[in-house]
Chemist: 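Would you mind keeping the following structure in view while I ask a few things?
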Amino acid sequence: MKRSHHCGELSLTHVNQTVTLAGWVASRRDHGGVIFIDIRDRYGLTQIVFDSEENAPLHAIADRLRNEYVIAITGKVSERPEESHNPHLPTGSIEIRAHELDVLNESIPLPFTAEDDVQTSESLRLEYRYLDLRRPKMQQLLQLRSQVSHLTRNFLHEHQFLEIETPILTKSTPEGARDYLVPSRVSPGEFFALPQSPQLFKQILMIGGMDRYFQIARCFRDEDLRLDRQPEFTQIDLEMSFVDREDIIQLIETLIRLIFKETKQIEFPNPLPRLTYEEAMGRYGTDKPDLRFDLPLQDLSEFAKSCDFQVFRRAIESGGMVKSLIIPNGAAFTRNRIDNLIDTAKEFGAKGLAWVKISEDGKLDSSIAKFLNTEALRAALPSANPGDLLLFVADQARVVHQVLGRLRLLLGEELELIDRTRWEALWVVDFPMFEYDDTSQRHVALHHPFTAPHTEDIPLLDSEPLHAKTLAYDLVLNGFELGGGSIRIHSPRMQEKVFDLLKISKEEAKEKFGFLLNALESGAPPHGGIALGLDRLIMLLGQTESIRDTIPFPKTQKAQCLMTHAPSSVSPEQLQELSIRTTTKKPAAS
RNA sequence: GGGGCCGUCGUUCAGCCAGGUUAGGACGCCAGAUUGUCAAUCUGGAAGUCGCGGGUUCAAAUCCCGUCGGCCCCGCCA
C-alpha cells in the first residue's frame, strides 16, 4: 500500500477519487457505530471515517487504533455532510471513507501529544525529541531552515561561489572562545580542536585561488549557553577575493532580501541603514541596536559640565560623560519602581542612577532637583515633555553605554514600546580595531586579528591604535547580531604588525599562525567575507523564542543532549588507547 | 564561577507561607456506552518513593541544610 497523496492536499476537487494516505493517528473519536481518525503527516491532517454499516470488520480494526499508531488507509474522498465541514482545517471539507486499513506500527502511550499547543516542559521535549519534531511548529521551523539553506545555496551558486568543506578536526586557536578538543590516538597527548569558525581555512582558500567560497558550516564553541547560543551552531560562511566592503555588503543585502521576501514576504528598505559603531554605541548603548523602537540615549555632557550636581561634574572632569533616557509618561512610576530601576542599573554596572520626573506643570520632581537648573535642563533635553521620567547615568563612556543601553531594552520591553510587527535590519560599520583590556593590560582585537584597518587609519596603528577603525561590518536585525565580517589583512607585514600590537610574539605567531603568515607571503589576493548565524536567522524568521527550536537536536544549558545523554563517560580501554587519564571522581562506563 | 525561578500520578498544575487522618483537579491512559465528531460526549477505574540525601519534630510534600536536574540572566562568547 503506497500512499498516493499526502495528508494536507486533498480537497473538494478530489471527491470520488480513491486515494491512499499514510501517517500517524493524531486523534481518534469513537462514536460507536462510526469512528473518526485524524491522520497526520508533515503536510497536514485528514479525517478518515470508519463506518460499521459500510464495513464492519474494518471498523473493528479501527476500534483498536490509538494515538501515534502508524497507519496506511485506502478509501474514497467524500465531501463531508454540509453541517460537518471544519473551517479550521485546510482539508476540512472532505473526509476519506476507508475501505482498507493497514496498521504499519503501534505506539505506546506517550508523554505528550504532537500538537502545537501542548503544554510540556522543554526538558521533556528534548528527551522525546522525536515526538516533539512531529509537532507542526517544529516541522515548519525545520522546513523553513531547509528552505533558507536552499535559497542561499542557489543564490551563491548563481554568483559563482564554490561550496567547499573545511576540516572539522583542526588546530586549536589561542584567542577567542574555548575550544572543544578531540584527542589524537596516533599522536598521544596531542589534540585536535573543533573549529570555532572556518576563518583561517577560508582565507587560505582565497590564497589558493578559489576566488569565491561558501559553506553552511558547523562551528563549535565551548562557552556557556544562552537563549541564542548553542555549543554547536551553523553559519552561512563566505569569502571573496578582489572585493571591497561595499561588494560584500551589497551581496549580503541581496541575499537577505531574497530570503525574507521568499519565505515571509518581508521587504527591507534598499539600501539598509548603516550606523557607525560610534553612532550605535552613542545613541543606543550597544553595537546591536534594536531599532523597532526609538528611545535614544541623550547626551547631557555639555549640560553636566556646568551644573551644580557634583556627581555629574566629576564624571565629566574625569573624562567620562552623562547620558539620559527620556521615559515617556514615566513620571507616573512609583517610587518603588524607580528604586527597582536603580537596583537594576547597579547590577548592570552603574554606581547609581539619578532620576528626575517632569511634572505636568513643567517643574522637576527629584531628589537632585535642587542641583539642577530647570530651564537649562529643559533646553538640554528639548524632546522631554511634562509627564516624562528622566534617568541619568554619569560615568566612563563604557559604563554609561552599557547601563543605559540595557535599561533602554528593558524599558522597551516593559513599556511595550517594541513593535513586534516591524523588521529593522541595519549594518554597523567602522568598528575600532582594538579595545584595551584592563585585566590582561593589553590591546585585544574587537573583531578578530585578521581584520584589515581602514586605509586612512593605518598611520594610527603607530600613534593611537585605539582610534584605528576597521573594515568590519555587522548585520543586525531586531537587536540580534545576525552576522559579521570584514575585509581581511592580506599583507604579511600588516598581519605581523597587528600580532605585534596584540602582544602576540613572533614565536607564538609562527607556532599558531605560521601557515597563514607563509601563505600571505605567497601571493595573497585582497579578500574579505562574512558569516551569518543560520540558527539565529531562523529563530527570527520563524518568530520562535529560542535558538533551540531551530536546531533538531539541541543541547541544554549544561551542554548536554537529553535524548542521547551525551556527553557520557567512556570505557577505560578507550581512554587508555588515547593516552588519557581523567581526574574526576565519576566512574568510567564499563 | 555567581544571581534568580522551577522540580508533586504518564503530562500539566493546586496543596507548602501557617507541619497533622485517605496528597487533589484537569488532560492522557484502561474498561463500558455511544452513527457526525474534530478539545467529541457520558459512566466507571487504575495510576504518586511529593527530584534525591540528611536534619528538626510525636508527626515533613510543607520547616532547615546539602545535592542533582531544567530554564532565564551576569561573567564568558576574538
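In the text below, chain A, chain B and the rest are named by the order of the sequence lines, each starting its count at 1.
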Chemist: By a strict heavy-atom criterion of less than 4.0 Å, which residues belonging to residues 473-498 of chain A are in contact with RNA chain B?
Modeler: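 Those residues: none at all.
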
Chemist: In whole angstrom, give me the gap between the P atoms of B:C68 and B:C27.
Modeler: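 38 Å, rounded to whole Å.
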
Chemist: Across the strands shown, which category fits A:I35 at heavy-atom distances under 4.0 angstrom: base, sugar-phosphate, nothing?
Modeler: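 Touches nothing.
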
Chemist: Please list, for nucleotides 70-75 of chain B, all pairs of protein and nucleotide N/O atoms separated by less than 3.5 Å.
Modeler:
residue	atom	partner	partner atom	Å
B:G70	OP1	A:T556	OG1	3.1
B:G70	OP1	A:Q560	OE1	3.4
B:C71	OP1	A:Q557	N	3.2
B:C71	OP2	A:Q557	N	2.9
B:C71	O3'	A:R548	NH2	3.1
B:C72	OP1	A:R548	NH1	3.1
B:C72	OP1	A:R548	NH2	2.7
B:C72	OP2	A:R548	NH1	3.4
B:C72	N4	A:Q557	OE1	3.4
B:C73	OP2	A:L227	N	3.3
B:C74	OP2	A:R226	NE	2.7
B:C74	OP2	A:R226	NH2	3.3
B:G75	N7	A:R226	NH2	2.9
B:G75	O6	A:R226	NH1	3.1
B:G75	O6	A:R226	NH2	3.3
B:G75	N1	A:D224	OD2	2.6
B:G75	N2	A:D224	OD2	3.3

Chemist: In Watson-Crick or G-U wobble terms, both distances under 3.5 Å, what is the partner of B:U62?
Modeler: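 Pairing partner, where one exists within any strand: none, as none qualifies.
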
Chemist: Taking ring pair (Phe, Tyr, Trp, His ring centres under 6.0 Å) as the definition, give me every residue that meets it alongside A:Y69, ordered by chain and number, with sequence neighbours left out.
Modeler: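 None.
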
Chemist: Counting primed atoms plus P, OP1 and OP2 as sugar-phosphate and everything else as base, spell out the protein contacts along nucleotides 35-52 of chain B at 4.0 Å heavy-atom distance: B, S or - for each nucleotide, 5' to 3'.
Modeler: BBBB-B------------

Chemist: With sequence neighbours left out, write down each residue that passes ring pair (Phe, Tyr, Trp, His ring centres under 6.0 Å) with A:Y43, or none if nothing qualifies.
Modeler: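 A:Y43 satisfies ring pair (Phe, Tyr, Trp, His ring centres under 6.0 Å) with A:H6 once adjacent residues are dropped.
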
Chemist: In whole Å, measure the gap between the C1' atoms of B:U56 and B:A14 for me.
Modeler: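 One C1' to the other, the span is 27 Å.
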
Chemist: Strictly by Watson-Crick or wobble contacts shorter than 3.5 Å, is anything paired with B:C27, and which nucleotide is it?
Modeler: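 Matched B:C27 with B:G10 under the 3.5 Å cut-off.
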
Chemist: Under 3.5 Å for both donor-acceptor distances, Watson-Crick or wobble: does B:C71 have a partner, and if so which one?
Modeler: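 Because both required distances fall under 3.5 Å, B:C71 counts as paired with B:G4.
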
Chemist: In this structure, which one of A:I96, A:L101, A:D30, A:I61 forms a side-chain contact (heavy atoms from CB on, under 4.5 Å) with A:F50?
Modeler: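 Filter result, single survivor: A:L101.
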
Chemist: Just checking, is any N or O donor in the side chain of A:S123 or A:R125 under 3.5 Å from an acceptor N or O on the other one?
Modeler: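 Not at all, the side chains of A:S123 and A:R125 share no donor-acceptor pair under 3.5 Å.
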
Chemist: Rounded to whole angstrom, note down the P distance from B:C63 over to B:G2.
Modeler: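 It works out to 24 Å between them.
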
Chemist: For a quick test of reading the model: is some side-chain N or O of A:T120 closer than 4.0 Å to OP1 or OP2 of B:U11?
Modeler: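 The answer is no; no side-chain N or O of A:T120 sits under 4.0 Å from OP1 or OP2.
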
Chemist: Restricting to side-chain contact (heavy atoms from CB on, under 4.5 Å), what partner residues turn up for A:A468, sequence neighbours left out?
Modeler: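 Listed in chain order: A:M433, A:D457, A:L460, A:L461.
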
Chemist: Which is true for A:L446 with a 4.0 Å heavy-atom rule: it touches a base, it touches only sugar-phosphate, or it touches nothing?
Modeler: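 The answer is sugar-phosphate, as A:L446 gets under 4.0 Å only of primed atoms, P, OP1 or OP2.
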
Chemist: List in chain and number order the residues that pass side-chain hydrogen bond (donor to acceptor under 3.5 Å, both in side chains) with A:Q235, two or more places apart in sequence or in another chain; answer none if no residue qualifies.
Modeler: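 If we apply the side-chain hydrogen bond (donor to acceptor under 3.5 Å, both in side chains) test to A:Q235, skipping adjacent residues, there are no hits.
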
Chemist: So, using salt bridge (Lys or Arg N to Asp or Glu O under 4.0 Å) as the criterion, who are the partners of A:R406 when residues are at least two apart?
Modeler: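 Partners of A:R406 under the salt bridge (Lys or Arg N to Asp or Glu O under 4.0 Å) test: none.
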
Chemist: With sequence neighbours excluded, what pairs up with A:F431 under the ring pair (Phe, Tyr, Trp, His ring centres under 6.0 Å) test?
Modeler: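 Here the qualifying residues are A:Y277.
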
Chemist: I'd like to check the ring pair (Phe, Tyr, Trp, His ring centres under 6.0 Å) partners of A:Y436; sequence neighbours left out, ordered by chain and number.
Modeler: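 Here the qualifying residues are A:H443.
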
Chemist: Can you run down the salt bridge (charged side-chain N to carboxylate O under 4.0 Å, His left out) pairs that involve residues 74-90 of chain A, sequence neighbours left out, and say none if there aren't any?
Modeler: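 For residues 74-90 of chain A, and leaving out neighbouring residues, there are no salt bridge (charged side-chain N to carboxylate O under 4.0 Å, His left out) pairs at all.
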
Chemist: Expressed as a whole number of Å, how far does the P atom of B:U37 sit from that of B:G7?
Modeler: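 Result for the P pair: 40 Å, nearest Å.
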
Chemist: Is there a Watson-Crick or G-U wobble partner for B:U22 with both distances under 3.5 Å, and if so, which one is it?
Modeler: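 Pairing partner: none.
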
Chemist: Indicate yes or no: does A:D430 engage A:R245 in a salt bridge with an N to O separation below 4.0 Å.
Modeler: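 Looking at A:R245 together with A:D430, the answer is yes, because their closest N to O distance falls below 4.0 Å.
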
Chemist: Using Watson-Crick or G-U wobble geometry with both distances below 3.5 Å, tell me the partner of B:C76, or none.
Modeler: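 With both distances under 3.5 Å required, B:C76 matches none.
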
Chemist: Who are the side-chain contact (heavy atoms from CB on, under 4.5 Å) partners of A:A280, not counting sequence neighbours?
Modeler: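 For A:A280, the residues satisfying side-chain contact (heavy atoms from CB on, under 4.5 Å) (neighbours in sequence not counted) are A:L275, A:P289, A:V428.
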
Chemist: Tell me the partner of B:G32, counting only Watson-Crick (N1-N3 plus N6-O4 or O6-N4) or G-U wobble (N1-O2 and O6-N3) with both under 3.5 Å; none if nothing fits.
Modeler: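 Base-paired to B:C42.
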
